[in-house]
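To start, the structure itself, in structure tokens.
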Amino acid sequence: MLFERIESKGLAHYSYLIGNGGQAVVIDPRRDCDIYVEKALRSGHRITHILETHRNEDYLIGSVALASRTGATIWHADAQWDYRYGQPVEDGQTWDVGPLQLEAIHSPGHTPGMMSYLLRDRGGAPWMVFTGDSLFAGDVGRMDLLGEDRMEEMAGQMYETLFEKLLPLGDEVIVCPAHGPGSVCGSAIADRAWTTIGLERKHNPELQFDDKETFVANVAQMLDRPPYFRRMEKGNLEGASLPNGLLAPQALSPTEFIRQAEKAMVLDTRMELGFGAAHVPTAISIWEDGVSSFAGWFLPYDRSILLVSDRDDPTQIMRYLVRLGYDDVAGYLGGGMLSWHKAGKISHSIGTITVHNLCDRLDAGEDFHILDVRSDEELETQGEIPTAQHIHVVDLPTRMDEVPRGRRTYIFCGSGVRSMMAASLLERQGYTDLFVILGGVAGWNSTACPIS
């Protein structure tokens with residue numbers, strides 16, 4: 001038997017490849033789909049079906065791209081919406097995978113037409129269930145995507161899905177969700193690599209409520225909604241192909257880079273110390289592992305993108321971007337910032353300071369502004385800096401006018417990487433005298449301004 005879970009880093013997205021008897025099925029593929037083809041070929045299987053659990057909001061699904069490579073039939077959930085590709089799944093529909101069988105289970109709550117897929121073994125016994133965005137390790141899917149006015153309705157449907165359809169499958173059934181910890185599709189997904197119905201029944205806090213009303217009252221909540229979600233929803237109804245050459249960015253000389261930067265967005269994916277030391281003017285700092293999580297908040301779709309990276313080959317960064325629908329990457333700075341400096345081009349810098357040094361300055365009575373860009377949840381669990389202004393980094397573009405100009409500003413997060421991202425956004429809007437604080441709450445030790 002062939003069984004692989006493919007993790008898309010950053011998105012915390014899980015897709016699955018199941019094969020037996022020479023046939024294979026892929027569930028919720030990512031757009032850069034070569035990995036499924038290669039793994040299936042190496043194991044002697046042919047991909048015949050592609051199953052989607054729901055219309056995704058956080059990435060462009062790769063069904064159309066994979067079908068063009070394999071000739072597989074696409075089956076999509078959420079048949080109530082106007083899909084331009086594939087065929088709709090029906091509740092109870094089955095697919096044979098050699099001697100195994102997959103069965104569709106209507107699982108509304110995250111979306112109205114969501115489907116889970118139950119894999120039965122050779123004897124017909126339930127073995128694994130691919131739950132999409134309904135049941136995660138330690139969490140359940142968000143129920144706010146159709147708006148606050150329908151959130152309680154969707155939460156009620158989620159309760160029925162969980163307690164009347166999934167949990168009765170049996171404690172021994174392995175749960176294979178569409179996301180792991182860090183996904184925006186759940187608020188508190190546990191760092192539990194593999195889980196079962198039994199483990200979730202016992203340990204998942206969202207499954208401990210006695211009735212539907214209590215579940216709805218405690219679990220339904222509005223979460224942060226990145227602006228790119230709308231584009232993903234539209235693209236996932238139309239179908240996103242992967243044109244040839246899309247993952248082959250072009251190396252540009254500093255002179256050509258400057259010429260193209262007049263109409264493009266410059267994305268610098270180096271870590272915060274490198275960006276702070278020197279960067280291309282107007283560049284936005286999003287460290288490489290943060291691209292999948294934050295690009296959709298800050299990068300527009302109507303301008304091309306230019307990359308600055310420590311990598312000689314930024315193909316992996318391209319993969320992160322195409323999963324979010326950023327197809328217009330004009331190229332990258334060949335030779336990195338070294339070539340930029342050797343060509344005598346102007347660069348900008350942003351100062352850094354350790355958390356200990358900042359605490360010493362606070363205790364000495366120095367006057368300055370502190371901007372804390374952590375989330376509300378982080379403030380609740382880690383503590384607040386009483387004198388700091390709090391604006392979550394994802395809200396900064398719409399609340400930037402609240403940050404005072406003409407005053408030295410120290411920017412604080414949990415480590416420094418999001419602080420540098422915030423500093424780059426402020427710098428693009430003309431803010432100066434910015435400093436990023438290196439080190440998080442654990443290193444805070446100010447007598448005059450203790451963490452509260």
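Heavy atoms only: backbone and side chains are in, while hydrogens, waters and symmetry mates are out.
In terms of heavy-atom proximity, Val322 sits nearest to Leu60 at O-CD1, 4.2 Å. Nearest heavy atoms, Asp91 versus His106: OD1-N, 2.9 Å. The two residues Ala79 and Pro88 come nearest to each other via the heavy atoms CB-CB, 3.6 Å. A pairwise comparison of heavy atoms in Pro314 and Asp312 identifies CD-O, 3.9 Å as the closest pair. Here the closest non-hydrogen pair linking Ala77 and Met115 is CB-CG, 3.8 Å. Annotation for Gly276 and Met420: closest pair CA-CE, 3.7 Å, computed over non-hydrogen atoms.
In this structure the side chain of Asp171 reaches within 4.5 angstrom of the side chain of Arg201, judged on heavy atoms. Within the 4.5 Å cutoff, the side chain of Val280 has no heavy atoms near those of the Leu306 side chain. At a threshold of 4.5 Å between non-hydrogen side-chain atoms, the residues Val129 and Val175 count as touching. When side chains are defined from C-beta on, Phe298 does not count as touching Leu396, because their heavy atoms never get closer than 4.5 Å. Inter-residue side-chain proximity for Glu103 and Thr94 is flagged as met; some heavy-atom pair is nearer than 4.5 Å. By the 4.5 Å heavy-atom criterion applied to side chains, Thr409 and Ile370 are not counted as neighbours. Side-chain contact between Tyr332 and Val308: absent, with no pair of heavy atoms (C-beta onward) separated by less than 4.5 Å. Taking the side chain as every heavy atom from C-beta outward, Arg46 and Leu41 never approach each other to under 4.5 Å.
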Evaluate the criterion salt bridge (Lys or Arg N to Asp or Glu O under 4.0 Å) for residue pair Glu238 and Arg84; output intermediate values, then yes/no. CA-CA 5 Å; Glu238 296 174 347; Arg84 304 299 175 86; 5.7 Å; no

Walk me through whether Asp58 and Arg225 qualify under salt bridge (Lys or Arg N to Asp or Glu O under 4.0 Å). CA-CA 10 Å; Asp58 57 322; Arg225 187 185 181 91; over 6 Å; no

Apply side chain to side chain contact (heavy atoms under 4.5 Å, CB included) to Ile411 and Ile437, showing your working. CA-CA 6 Å; Ile411 308 173; Ile437 305 169; 5.9 Å; no

Chi angles and distances behind the side-chain hydrogen bond (donor to acceptor under 3.5 Å, both in side chains) call for Glu52, Ser63: CA-CA 8 Å; Glu52 297 182 3; Ser63 301; 2.6 Å; yes

Show your reasoning for whether side chain to side chain contact (heavy atoms under 4.5 Å, CB included) applies to Trp194 and Leu199. CA-CA 10 Å; Trp194 294 97; Leu199 283 170; over 6 Å; no

Report the C-alpha distance between Arg374 and Glu380 in whole Å, list the side-chain angles of each, state the deciding distance to 0.1 Å, and finish with yes or no for salt bridge (Lys or Arg N to Asp or Glu O under 4.0 Å). CA-CA 10 Å; Arg374 291 176 297 156; Glu380 291 174 4; over 6 Å; no

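At least one donor-acceptor pair under 3.5 Å links the side chain of Tyr36 to the backbone N or O of Arg30. When atom types are taken as modelled, the side chain of Ser183 and the backbone of Gly180 share no donor-acceptor pair closer than 3.5 angstrom. Judged by distance alone, the side chain of Thr161 and the main-chain N or O of Pro108 form a donor-acceptor pair under 3.5 Å. Between the Asp144 side chain and the Glu148 main chain, no donor and acceptor come within less than 3.5 Å of each other. Formation of a donor-acceptor pair under 3.5 Å by the Asn236 side chain with backbone atoms of Asn56 is found in this model. The backbone N or O of Cys413 lies less than 3.5 Å from a partner atom in the side chain of Ser419, making a donor-acceptor pair. The backbone N or O of Ala388 lies less than 3.5 Å from no partner atom in the side chain of Asp372, so there is not a single donor-acceptor pair. No donor-acceptor pair closer than 3.5 Å links the side chain of Thr131 to the backbone N or O of Ser134. Remark: the backbone N or O of Ser43 is paired with a side-chain donor or acceptor of His45 at under 3.5 angstrom. The backbone N or O of Thr352 lies less than 3.5 Å from no partner atom in the side chain of Glu272, so there is not a single donor-acceptor pair.
Screening Thr195, Asn204, Ile189 for a side chain to side chain contact (heavy atoms under 4.5 Å, CB included) with Phe136, the sole residue that qualifies is Ile189. If you run side chain to side chain contact (heavy atoms under 4.5 Å, CB included) between Phe294 and each of Ile284, Val394, Val417, only Val394 comes through. With His110 as the fixed residue, the side-chain hydrogen bond (donor to acceptor under 3.5 Å, both in side chains) test singles out one of Arg142, Glu57, Gln157, Arg55: Glu57. Test Trp95, Phe130, Trp127 against Tyr117 for ring pair (Phe, Tyr, Trp, His ring centres under 6.0 Å) and you get one pass: Trp95. Checking each of Ile47, Ile50, Ile6 against Pro29 for a side chain to side chain contact (heavy atoms under 4.5 Å, CB included) leaves exactly one that passes, namely Ile50.
For Arg31 and Asp327, the salt-bridge test passes: some basic side-chain N is under 4.0 Å from an acidic carboxylate O. One finds no salt bridge joining Arg69 and Glu38 here, because no Lys/Arg side-chain nitrogen approaches an Asp/Glu carboxylate oxygen to under 4.0 Å. Under a 4.0 Å N-O distance rule, the pair Lys39/Asp34 does not qualify as a salt bridge.
Using a 30° and 60° split on the angle between ring planes, Tyr85 and Tyr83 fall in the perpendicular class, above 60°. The aromatic rings of Tyr59 and His179 sit perpendicular to each other, their planes meeting at more than 60°, with 30° as the lower class boundary.
Note: Phe275 and Trp287 fail the aromatic proximity criterion, with ring centroids not under 6.0 Å apart.
Using modelled atom types, one finds no donor on one side chain facing an acceptor on the other under 3.5 Å when comparing His76 with Asp78. Counting only N and O atoms by type, the side chains of Ser424 and Glu427 include no donor and acceptor under 3.5 Å apart. Side-chain contact annotation: Glu384 with His390, donor-acceptor N/O pair under 3.5 Å absent. Side chains of Thr354 and His356: a donor-acceptor N/O pair is absent below 3.5 angstrom, by distance only. With 3.5 Å as the limit, one finds no donor-acceptor pair spanning the side chains of Glu288 and Ser309.
Summarising the geometry, atom OG1 belonging to Thr214 is positioned 3.5 Å from atom CG belonging to Asp211; distances are rounded to the nearest 0.5 Å. To the nearest 0.5 Å, atoms CG (Asp28) and CG (Asp133) are separated by 8.0 Å. For the atom pair CH2 (Trp75) and NE2 (His49), the distance works out to 7.5 Å, reported to the nearest 0.5 Å. Of the inter-residue distances, the one linking Arg311 atom CZ with Met318 atom CE reads 13.0 Å to the nearest 0.5 angstrom. One finds the CG atom of Leu118 at 10.5 Å from the SG atom of Cys176 (value rounded to the nearest 0.5 Å). One distance of note links CZ of Arg428 with OG1 of Thr282; it measures 5.5 Å at 0.5 Å rounding.
A cation-pi geometry, defined here as NZ or CZ lying under 6.0 Å from the six-membered ring centre and within 45° of its normal, does not hold between Arg5 and Tyr16.
Counting heavy-atom neighbours within 6.0 Å of Asp289 CG, excluding the residue itself, gives a total above 12.
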